[in-house]
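The block underneath contains the structure these notes are about, expressed in structure tokens.
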Amino acid sequence: MTSVHTSTQEQDARAVARPEWARARGGLPEPPERPIAWSMLSRALSVPLILGLVCFLPAVIAAQPGSGVKDTAYWLQLVLTCYAGARLATMILSTRRRLLQGVFWMFVYIAMGVAPFAQVVIGQTPTPMVGPRQDLITAVALVLVGCAAFDLGALLASRRPLRRRTPSPRSPGGGQAVAHPLRLRLLVLLAFAASAFYVMKLGGPAVFFSSRQEINETVAASGVVSEGSNVGSAFVKGFGQVPALLALLFYTRRLATSYRARRTPSTALVWVALVALNLVVNNPVSNARYWFLTVLMAFVFTAFPSSAAIYRVVLATGVVGALVVFPYADKFRYDDEAQRPAQSASVFEPLVTKDYDQMVMFANTISWVDTRGHTYGRQLSGSALFFVPRAVWSGKPEDTGVRVGQWMGLRMTNLSAPLWTEFWVDFGASGVIGGLALIGYAVARTDRRYALAVTRAGPGPGSVLAVAAPLIAGYTFILLRGPLLQAAGKLAIAALCLLLISTFKERRAARRR
């Protein structure tokens, strides 16, 4: 009787100590709201932030001298810029972190809003627009409709409660995936082995600190690239970089969230070795800026999993970095003769460079589709089956950006194909609306589960989602910029690694904290 009475008292005590948000009925609990102090601070910051993103920056761009005309494309682009700015401000000021949604709106605001608006005002585009002006109007309108569809999908996701998987006595993490300790060690071994092969294949570590141009030339001369196919080089490069990054992220999370891990010398030594490895294969000198941005964002959000300040600082400063630092970050990685001199005298000159060709390439893609029709899933199937060599699939589709560039008659075909473009090529306007709505729904659901994974309600230091979500957030820039065929390789390798180390059995979670 005494034992039963004591057990009942303990249950009552746990029920009282358990926060109200953790007793939500109908699904997984929602993360708690931020304290009142932050609410007051956010209200103080909201006015200058919203005015800056929605009013001040667009107004300054509109006042720039240029040969642009104020037609329908101008006003639609202004509406898109203000809309994306308002949504980005909402993400920054939100009481709950919306990691993937925040990155989505940061990309839209910069690459589909501010930069194309500056191009319209100045009257200069990174790549020539070969079609009529009406195609640019259609492109801007479709991006705007796609953003609205994304918001609709996110709204629908917020109305549905998160369902908890059936818990088991061995799964105190609520059925969420965690990294199996032994498999994680195997991932570390794979990372060192694959990266070592990648480094040796390219001639040693020194080449990784020369230039990106030399890296590309070395890959081409290494024999892993076959004629007409880049599958071999994509796999060598992907396995040389992705497992090393994932292993570093998992060990970073362990050190950031586990007191026992910080007191274990072996864990710290492995982390230091992984940092050194990533400094070689994932450094900013020899890698694409978008990939290094993925590495940086994934590491920051993993190292500071529950810091609302870091989340807001990244989104807020990301706009400044994209406008000021990003366009110039590529210059030191190529030979001087490979640089294209700027043509514009405007202070917004970086926004009319090739880095921000997304909107004009969407317009060119619309012109290209008008000449040949939609492909009804063929382009997306090529991205999904990226691993099939062209020697096996002779009719395998090329990158959308490459196809459009060849049709335009350009020598340099490394052009962007934003996600809106991929949906348009295959399925038209219905594909843009439906595809962005599904993405908005999936992103919002992932954001809610990620918010739980980095709180005490999550499964602890081994949470797979707490590592995967920051990685996807950083990689979102690559996925949104496109083409998908180029982006699919590393994403698939990361998914394979996560699948191999994941388990739903965390038997010693309490002792590892």
Side-chain angles (χ1 to χ4, degrees), residues 72-73 75-88 90-91 98 100-113 116-117 131 134-160 358-370 372-384 397 400-401 403-404 416-448 472 476-485 487-488:
T72 305
W75 295 109
L76 279 176
Q77 190 66 67
L78 178 59
V79 171
L80 174 59
T81 303
C82 295
Y83 175 40
R87 295 299 292 127
L88 178 58
T90 302
M91 295 297 110
R98 295 174 172 87
L100 300 182
Q101 294 176 75
V103 174
F104 173 86
W105 287 113
M106 183 166 64
F107 176 89
V108 173
Y109 180 68
I110 297 167
M112 313 300 285
F117 184 53
Q134 182 59 42
D135 287 346
L136 179 61
I137 296 174
T138 302
V140 180
L142 284 171
V143 172
L144 187 58
V145 171
C147 289
F150 179 91
D151 265 343
L152 178 61
L155 179 63
L156 293 176
S158 67
R159 301 297 180 183
R160 291 194 59 190
Q358 285 78 21
M359 190 64 77
V360 68
M361 282 305 299
F362 193 0
N364 287 331
T365 303
I366 292 175
S367 304
W368 176 61
V369 171
D370 287 342
R372 64 187 305 279
H374 298 286
T375 54
Y376 301 104
R378 188 171 183 273
Q379 285 296 119
L380 291 176
S381 66
S383 301
T400 303
R403 293 291 304 276
V404 178
S416 66
L419 196 57
W420 293 259
T421 299
E422 301 283 3
F423 290 134
W424 171 262
V425 168
D426 273 348
F427 303 111
S430 59
V432 173
I433 297 173
L436 267 296
L438 288 175
I439 291 175
Y441 182 89
V443 162
R445 299 280 289 184
T446 304
D447 276 342
R448 293 170 67 189
I472 296 173
T476 295
F477 292 101
I478 299 177
L479 294 173
L480 293 177
R481 187 258 183 193
L484 281 180
L485 185 57

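All figures in this text were calculated on a predicted structure; none of them were measured in a lab.
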So [Y] and [X], do their side chains get closer than 4.5 Å, heavy atoms only?
| X | Y | answer |
| --- | --- | --- |
| L419 | L484 | yes |
| V108 | W420 | yes |
| F104 | L436 | yes |
| P483 | E422 | yes |
| D447 | M91 | no |

Item to check | Test side chain to side chain contact (heavy atoms under 4.5 Å, CB included) applied to I472 - qualifying residues, sequence neighbours left out | outcome: L100, T476
Checklist entry - D426: what forms a side chain to side chain contact (heavy atoms under 4.5 Å, CB included) with it, not counting sequence neighbours? => result T375, Q379, L380
Checklist entry - Between the side chain of N364 and the main-chain N/O of V404, is any donor-acceptor distance below 3.5 Å? => result no
Item to check | Any donor-acceptor pair under 3.5 Å from Q77 side chain to M112 backbone | outcome: yes
Which atom names give the shortest non-hydrogen contact between [X] and [Y], and what distance separates them?
| X | Y | result |
| --- | --- | --- |
| A363 | A139 | N-CB, 3.8 Å |
| R448 | S158 | NH1-CA, 3.7 Å |
| L88 | G102 | CD1-O, 4.0 Å |
| P397 | G382 | CD-CA, 4.0 Å |
| G401 | M361 | O-CE, 4.4 Å |
| H374 | G428 | CE1-CA, 3.5 Å |

Checklist entry - Which pairs with one or both residues in residues 100-109 pass salt bridge (Lys or Arg N to Asp or Glu O under 4.0 Å), sequence neighbours excluded? => result none
Item to check | For F117, all residues meeting ring-ring contact (aromatic ring centres under 6.0 Å, His included), sequence neighbours excluded | outcome: Y74
Next on the checklist: Can you tell me if R159 has over 12 outside heavy atoms packed within less than 6.0 Å of its CZ?
Outcome noted: no
Distance check, rounded to the nearest 0.5 Å: [X] atom [atom1] versus [Y] atom [atom2]?
| X | Y | atom1 | atom2 | value |
| --- | --- | --- | --- | --- |
| W75 | L80 | CH2 | CG | 15.0 Å |
| T421 | W368 | OG1 | CH2 | 10.5 Å |
| T72 | Q134 | OG1 | CD | 7.5 Å |
| I478 | S416 | CD1 | OG | 13.0 Å |
| L76 | T81 | CG | OG1 | 10.5 Å |

Throw together a table of side-chain donor-acceptor distances under 3.5 angstrom for residues 142-155, partners on residues two or more places apart or in other chains.
| residue | atom | partner | partner atom | Å |
| --- | --- | --- | --- | --- |
| D151 | OD1 | R87 | NE | 3.2 |
| D151 | OD1 | R87 | NH2 | 3.0 |
| D151 | OD2 | Y83 | OH | 2.5 |
| D151 | OD2 | R87 | NE | 2.9 |

Item to check | Pairs touching residues 429-442 that satisfy side-chain hydrogen bond (donor to acceptor under 3.5 Å, both in side chains), sequence neighbours left out | outcome: R160-Y441
Item to check | All side-chain hydrogen bond (donor to acceptor under 3.5 Å, both in side chains) counterparts of T446, not counting sequence neighbours | outcome: none
